[in-house]
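Everything below concerns the one structure shown next.
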Amino acid sequence: MSNGMDPAGLLGIGQQSAGGREYWRSLEELAGTEAFKDLIGNHLPRHAAAFTSAMDRREFLTLMGASLALAGISGCLSPAPAPPDEKIVPYVNQPEALVPGKPLYFATAIPVEGYGRGVLVESHMGRPTKVEGNPQHPASLGATDAVTQASVLELYDPDRSRVITNAGRVATWDAFFSALNVELESQRVTQGAGLRILTETVTSPTLAAQLQEILRIFPKAKWHQFDGGGGDYAHQGARMAFGQPFETLYRLEEADVIVSLDADFLLRSPASLRYAREFINRRRIPGGSDEANRLYMIESTFSLTGSNADHRLAIAPSAIPQLARTLAARVSVQISAEQPAISPAQEKWLGALVKDLQAHRGRSAIMPGEYQPAIVHALAHAMNDALGNIGKTVFYTDPVAVNPTNHAESFRELVRDLEENAAQVLIILGGNPAYTAPAELDFAGHLVTSNFNVHLSLYEDETSAVCHWHIPQAHYLESWSDVRAYDGTVTIMQPLIAPLYGGRTAHEILAAVAGQAERASYEIVHDYWRGQNKAKNFDAAWRTALHDGFIAGSALSPRNVKAKPATSFETSEPKRASSGAATKNPPSLEVIYRPDPSIIDGRFANNGWLQELPKPLTKLTWDNAVLMSPATATRLGLTYRVGGSGGEHGTIYADVVELEYDGRRTRGPAWIVAGHADDCVTIHLGYGRRRAGRVGTNLGFNANILRTLDTLWHGASIAVRKTGAQYALACTQFHHLMEGRDLVRAGTIEQYRKNPKFLIERESEKEAPGTLYPGYKYDGYAWGMSIDVNACIGCNACVAACHAENNGPVVGKQEVLRGREMHWIRIDRYHRGEPNNPETYHQPVPCMQCENAPCELVCPVGATTHSQDGLNDMVYNRCVGTRYCSNNCPYKVRRFNFFLYSDFKTESLKPLRNPDVTVRSRGVMEKCTYCVQRINQAKIAAEKEDRVVRDGEIEPACQQACPTRAIIFGNINDPQSRVTQLKTQPLSYGLLTELNTRPRTTYQAKLRNPNPEIENG
Amino acid sequence: MAQIFHPSTNTISRVTIFGGLILLIVVVTGLATINESPYITEVGVARTQPVPFSHKHHVGDDGIDCRYCHTSVEESSFAGIPPTKTCMNCHTQIWPDSPMLEPVRESFRTGKSIQWTRVHNLPGFVYFNHSIHVHKGIGCATCHGRVDRMPLMWRENTLYMDWCLDCHRAPERFVRPREYVFSMEYQAPADQLALGQKLVKQYRIQKLTSCSTCHR
Amino acid sequence: MASKPSDPGGDALPLLEPGHTFGSITDKISSIVLTGRTPLFWYISFGIGFTLVLVLLFCITALVSVGVGLFGVMIPVAWGFAIVNFVWWIGIGHAGTLISAILLLLRQKWRQSINRFAEAMTLFAVACAGIFPLIHLGRPWFFYWLFPYPSTMGVQPQFRSPLVWDVFAVSTYFTVSLLFWFLGLIPDLATLRDRATRRMPRFIYGMLAMGWRGSAIHWHRYEMAYLLLAGLATPLVVSVHTVVSFDFAVALVPGWHSTIFPPYFVAGAIYSGFAMVLTIAIPLRRLYGLEDFITLRHLKNMAIVMLATGMIVAYGYLMETFMAWYSGDLFEKYMMMNRMFGPYGWMYWILILFNILIPQALWIRRLQTKPWVLFLIAIAVNIGMWLERYVIVVVSLHRDFMPSAWGMYSGTVFDYGVLVGTIGLFVALLFLFIRLLPMISIFEMRELVHEEEGRSQ
Amino acid sequence: MAKLPIYGLMAEFDSPEALLEAARRAFAAGFRKIDAYSPFPVDGLAEAIGFHHTRVPLIVLIGGIIGCLGGFYLQYWVAVIDYPINIGGRPFNSWPSFIPVTFELTILIASLFAFFGVLALNRLPMPYHPVFNVERFQLASRNRFFLCIEAVDRNFEPERTRRFLDEIGSLGTYEVES
């Protein structure tokens, strides 16, 4: 009965010491555990050494010093060496060397679909545990997205491939390299006529150099590109408009009027984090100005960006190019083809929009969607040109991607070569074409024709299964490499840990192809940049680059461009072979394919954090669905049923439909989305994986079965049949109405200008609720938070960040169905207005840290109490699990471990855990703590320097990740702090304050900026 | 009917009743005592170590400062367990071939670490930070006892929560001037309370009894 | 003088069929216990009960070893069957104490033939109830943290929490009921000691009787103590369900946060309690041929008490609905609409039917003396009261303040398993009691005989 | 006092009234060490043999007071003295919340005192008692009523006392050997 360790020891609380934080408590213990040795493996002298002899600073530095030499030596020793020790330069805000128990931060970049985003990675004793944004990196600005947050889980994923396989049998690197060399020898004869290399979008200068080198050695070899998540239409569009594949950049801070032609720039763009920041910065009302930008959205599916638009026009995808033409014509772009008439409603809408655009020449921006055909991009360029936006809000640079090509065409060519047996040696670097490529091509089937093909990938996936060779890839946190951001800024990627499963980088494979199998990627990257930089101070520059996380001034400079007359291209119809044989019965609809908001094209399918992340608008988890508008659903006679257990906070039984396209069929649940365009359906890719791993396999359904290369993103006519079957979807929030409750307060800027207090004044709680009790005096710190609903775009970054920071468990679909998901912060989504085109609000809801916390009052054992700083503490080890607190929490932000959710068994997941946060065991309640571990660390640091904690010194994980800075945390006893100032704004309000809970977390009301002409009448 | 019971049953029954009560009390107090006893708390129980490292010798006789080995005690939550290298700094010259030190030399040769037995162990959900305690004038000896008198290390205090609270509720009873934090000989003055209150003010020591001070 | 049971005419019904003497009563009642032959129906009933106890044990083992998630509980409905059953059982318990204590203070003679097994019923019901707060904990092995004890953590229970009040209320209630019950048993144990022929029973009953010999002075003190215990038990029984109602009334969940809860819970408790007494008494008097002692008069009186408490409960429902409208509180209003017409609406209407409408039949005098009618009504009320607690606990929680968190709850096989399991436990214990102890207080029946003689002379 | 050959003399009656009457007369006749045994409480019997008031109520009252004060102090000590901690912004001594437990403990302790008090006063348990030596005494828990004059009584004199008992209507008088 000492400190709650007795039987609990058997059931977790005890084990968690083994799992959670023991790692750094005693390094000896650490190095002792067999499991850990497996984890660290034999591949990594440095870390092994570092760990077994509690690396003190002397040794750390010597290691760093010796690394270069070592690299050379070990290089010569064996053909396939373990990666040698290399130098790592820690980031500024960290002790000069490793101190046991203190994290280090390293700068690198995460490549997502080819483009890089600067990140800082927190490392505890050599274990990367958390990824944060790099404030100085143009594509990050200190923020991250959900995918970036979850990438650290991918690093430790026990399902990642650990072995080289040849035809399914385990092989060795040596075996592979010799086999490869044999093939290459024969290729040399034919100058590589049979050599093919398939990559995803490439922006890495080093990789580009290597590819060119290979193409020099094998002049007849071909390099193909295919990216499951993108189509590279933008470059094609630029080619149309300018004759060159320019990169298009926007400076949204300069734009008063933004027209998005299906561009989901807040979520699906290499610059989404930056665009989100710039977009919101122009809408932050309680920041002095009461001016805001206005976003017009023209799209088919309901995108995240669409949900943040002031005006949305939901039309079928086939109509968008036409509308673009019409719009172009209205903004005086030379259009020869005469314009078909459009509906009066659209007429009115378009009229107002055009007027708005004309009124803001040079201060507007037309943004074409990534998945729109080239023509739309070209028209957008023309419009921006006509509106004089180029050089003001729109900029063009040379392409960031190396050798941009139309992926569809490039891939088609590869398949043709395979058919004609022209491609004998195929090297697939990353990607998973066997799954992501349209089924019609039967890529897998054709692979057999080539006599040697190899797949380099993190997982042993569908493609690996059909390739002769599979070789494990090193995770980006294990790799030396480089990558360009959306604006060309280069980041030298440095590893945080040596490859856990002995993976290699694409650089090392290409080096082998080029006949230098022994070169380690560190060498390759380092030497490439040495070659680039002729200056003698290279080492210093290299150091700075690693240290800062990017190479200063490496961004591509804007080009002043001249658009060709639109007449030259505007008639070229987008290729959309309406092959689907438009059948009238069953009703045939247009189809839209989009990467899944969480797992993109399936590359993150095995990532539990992302699978369990409620998708921005549908709030679905663990599944994809056939999204359609209410009207379309009624037309198809489709409906849903709320489950008896879980219900609106868990189980929704959706009608299953059969989809048929070109005779290829699949089935999927139908999901009704308010605001979706009629007569078309959206299907998210990335599901229906067959070889994703224990998490991602056999979830949802595979839409690639239906796709064709011509209709990668939009299909003309797909047949949708009701099957009568129903399927349980795990949806964390189905109820989207506020039931007349003031949860999200919203108005228009117009109203705000008239009376800044207009929202508060209509509220009931103008008179403060009385109390018999004196109430507490908080004379030290008083932590509080302000969340700007106006700034929240609903991107889920905070949810993922919170999960990563606080060792959140993954509970699985079954538990989500029961309404037991474990997110400490959730983003509530509410709709208002007519269902075919509703207003949407995103409201992040963490613990309110009420001063009169109802939860504390009812806890029989005092497991949740108030701290001196006014935090609502949750003491897991005291909790007996009555769950009374959750019942009494009006905000329902408490989460309960109904089972042993935290994984105490899987060794490889243990190093992932944040050592400063208890891993919760079975039967205890948990909830948002304002990241009390960060608060305490900051307080201790301040105390040691005999000062007070500075404003902004503490950033909870959610605030740190937020792209739009919608969440601000601080000391509300300090009148100067940002949070205090925000709380005094007229738009600041508390949630359910009429209950006299006195929440420390308050909100800023949402303000829309509608165009009066459209809004009224 | 004849008597069912023998006259003695009267006494027996009373004895059982009162005896039972007494037994109950004995058992409860017994359990409590066991819980506080070294059997459970390991207080004063010297733990065997792979190498019979003597703090008494190194600290008491040689007068090596705590921080020479426990390097991070002032910077980090974790005081730091010295790497084998630290041992070898001296023991390459001193006793370079004493059999007793073979495990150390072996560890240095093979790179396999010495597996010390943990003496002070807190449950996983307790977050203790050495650096701040040291900074606020809590001496090593206050918690770890007179290490300079321990041939083999043992636990000086129970590390139970109420023991922690004793100090967190009344730091003035234990705080000492910073310059003496690492001193083993330091004796609390007769007027500890007076001094304590002075230091509490001077070092801005708070009485932190909030749960989240230690549990997160 | 003794009117036939069949003819109506309320108080004409006797409390005790005529022709009984001290001896006949003593022999009749003690023979049930001391007989060597156990009737077949006893084996059957006990067998069923015991089988269900095994189900209960299985469920509990699973819950403790796998996790409370085996129940259907979720967020927002973090309390489910477990708490519903707890309140239901506690309520049932109340009739016993009420009959034995309050009716004693009110000098109601008709209590005497039913108080003993009613009290036993109380104990067993409370025992069943006590299981639930334990097994619905996330970490049941730490239940003792709800009691104050000298811990090395230096942490004690949080006495502002209604759950701690519960712990004290229920444990006190159980202890006091037990003392009260055992004190009442002592003279009868002496009787059994003296009647028993075989050695073992004599020894055991003798030990339990503690050498009671019916001395006048002992009787004098005994009666005083019995009276005082009754005096203490009366406010206790009222307090217990009040405290249980605080579990809800103190919370701010719409549908819980209500001042009418205490009186309306106590009434409901007595209501369900009497229903359960009838459910047990009616078959037993038949099976053991105790119609002479548990007469139609008893049934009638209990029916009337049921009717009265039933009306109070009805008033409670009415008030809740009225206040929801009158308060004008957005959440309250929604809660009531949801209760009536929401996804769980059917439950609400069934409980109205079972708890309010059907019992109205008791206004009809003739039905008050029709055992099988009373039995059916009692069953209906038992079910209705369970549903009432379900509506209060689950339906209030599943849609509270934040629409974004609204969800649905449904019991799992373990929820049902534990419910029937406790019913089994209850039956098993009850039949053990009937077999081993006098189910009717013998000495009080002797008193009754004495008084009846006094009256008839 | 010296060990007596017998414990006393016991007379049997068949009705509470008879016993009551007999008890009165015995008391009137100056017998003091007497006791009456009946299968159920008989009004006035105790008074008849000179036993008037009992200390049970006092004991219960004391128990109640202990429970009440102790109960409240326990909670006050926990919430205010031992570990004062901010619970939902309520004051440390939120006495209204302490009422239920205080009340329950009052009842609990009082009841315990009542139960064990009466046992103690009645010197129970006492499985062995001389009166059980009388064969017919087993009917004392059925339908017979007994009056016992103990040998320690000042006026006890075997022969005369036996006669006296027969006079007052004993249906049978037996020696109770000790």
Side-chain angles (χ1 to χ4, degrees), chain C residues 21-23 26-27 148 154-162 164-165 168-169 171-173 175-176 179-180 182-183 186-187 190-191 193-195 206-207 209-225 228-229 232-233 235-236 239 242-243 246 442-444 446-447 450, chain D residues 16 23 35-42 45-49 51 54-57 60 64 71 74-75 77-79 82-83 87-88 90 94 97-98 100-101 103-105 107-108 110-112 114-115 117-119 121-122 124-129 131-132 137-144 146:
Chain C
T21 65
F22 301 143
T26 309
D27 301 339
V155 185
Q156 297 295 341
Q158 203 273 96
F159 282 100
R160 295 171 191 81
S161 166
V164 176
W165 307 346
F168 280 83
S171 45
T172 303
Y173 186 43
T175 322
V176 173
L179 296 177
F180 197 59
F182 187 73
L183 194 63
I186 292 175
T191 308
R193 170 196 64 197
D194 299 346
R195 300 280 91 55
M207 266 302 167
M210 295 189 294
W212 179 266
R213 52 188 193 277
S215 147
I217 297 163
H218 289 186
W219 276 122
H220 187 268
R221 297 199 184 100
Y222 178 93
E223 280 196 294
M224 177 55 74
L228 288 170
L229 272 181
L232 290 167
L236 175 64
S239 82
T242 305
V243 166
F246 284 163
I442 307 175
F443 84 90
E444 285 176 299
R446 295 196 200 101
E447 262 183 308
H450 184 221
Chain D
D35 201 348
Y37 302 92
S38 57
F40 59 87
V42 177
L45 192 54
E47 290 78 357
I49 57 173
F51 179 83
T54 157
R55 294 201 302 296
V56 174
V60 175
L74 167 71
Q75 302 175 75
W77 178 80
V78 165
D82 179 42
Y83 200 156
I87 301 289
R90 307 304 193 275
S94 25
S97 317
F98 299 160
V101 171
F103 174 82
E104 301 298 339
L105 284 175
I107 301 284
L108 181 62
S111 312
L112 289 169
F115 182 79
V118 71
L119 288 190
L121 291 173
N122 286 352
L124 296 179
M126 190 188 285
Y128 171 89
H129 193 280
V131 293
F132 292 128
F137 187 74
Q138 58 162 304
L139 296 176
S141 67
R142 186 166 184 271
N143 57 351
R144 286 305 194 208
F146 297 85

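We name chains A, B, ... by the order of the sequence lines, and we start the count at 1 in each one. These numbers come from the heavy atoms of this one structure, side chains and all, not from hydrogens, waters or symmetry mates.
- Proximity to chain C (any heavy atom under 4.5 Å) is shown, for D:Pro39, by both the backbone and the side chain.
- For C:Ile442, no part lies near chain D; criterion is any non-hydrogen pair under 4.5 Å.
- If you measure heavy-atom distances from C:Pro187 to chain D, you find no contacts under 4.5 Å at all.
- Using a distance-only test at 3.5 Å, with no hydrogens or angles considered, a donor-acceptor pair links the side chain of C:Arg195 to the main chain of D:Gln138.
- Heavy-atom pairs under 4.5 Å with chain C peak, among D:Ala46, D:Gly71, D:Ala23, D:Ser38, at D:Ser38.
- For C:Glu444, the salt bridge (Lys or Arg N to Asp or Glu O under 4.0 Å) criterion is met by C:Arg111, not counting sequence neighbours.
- For C:Pro162, no part sits under 4.5 Å from any heavy atom of chain D, backbone or side chain.
- Of the inter-residue distances, the one linking C:His218 atom NE2 with D:Asp35 atom CG reads 7.0 Å to the nearest 0.5 angstrom.
- Taking the six-membered ring where tryptophan is involved, the planes of D:Phe51 and C:His220 are perpendicular, since the angle between them exceeds 60° and thus also 30°.
- For C:Leu232, the parts lying near chain D are the backbone and the side chain together; criterion is any non-hydrogen pair under 4.5 Å.
- The aromatic rings of D:Phe40 and C:Phe22 lie tilted to each other, with the angle between the two planes from 30° to 60°.
- In terms of heavy-atom pairs under 4.5 Å with chain C, the best-connected choice from D:Leu45, D:Leu124, D:Val131 is D:Leu124.
- One finds the OG1 atom of C:Thr175 at 12.0 Å from the CD1 atom of D:Ile107 (value rounded to the nearest 0.5 Å).
- For the pair C:Ile217/D:Leu121, no side-chain contact is recorded, criterion being any heavy-atom separation below 4.5 Å from C-beta on.
- For the set C:Met224, C:Gln156, C:Arg446, the entry with the most heavy-atom pairs within less than 4.5 Å of chain D is C:Arg446.
- Across D:Ala140, D:Ala79, D:Pro57, D:Ala114, the residue that shares the most heavy-atom pairs under 4.5 angstrom with chain C is D:Pro57.
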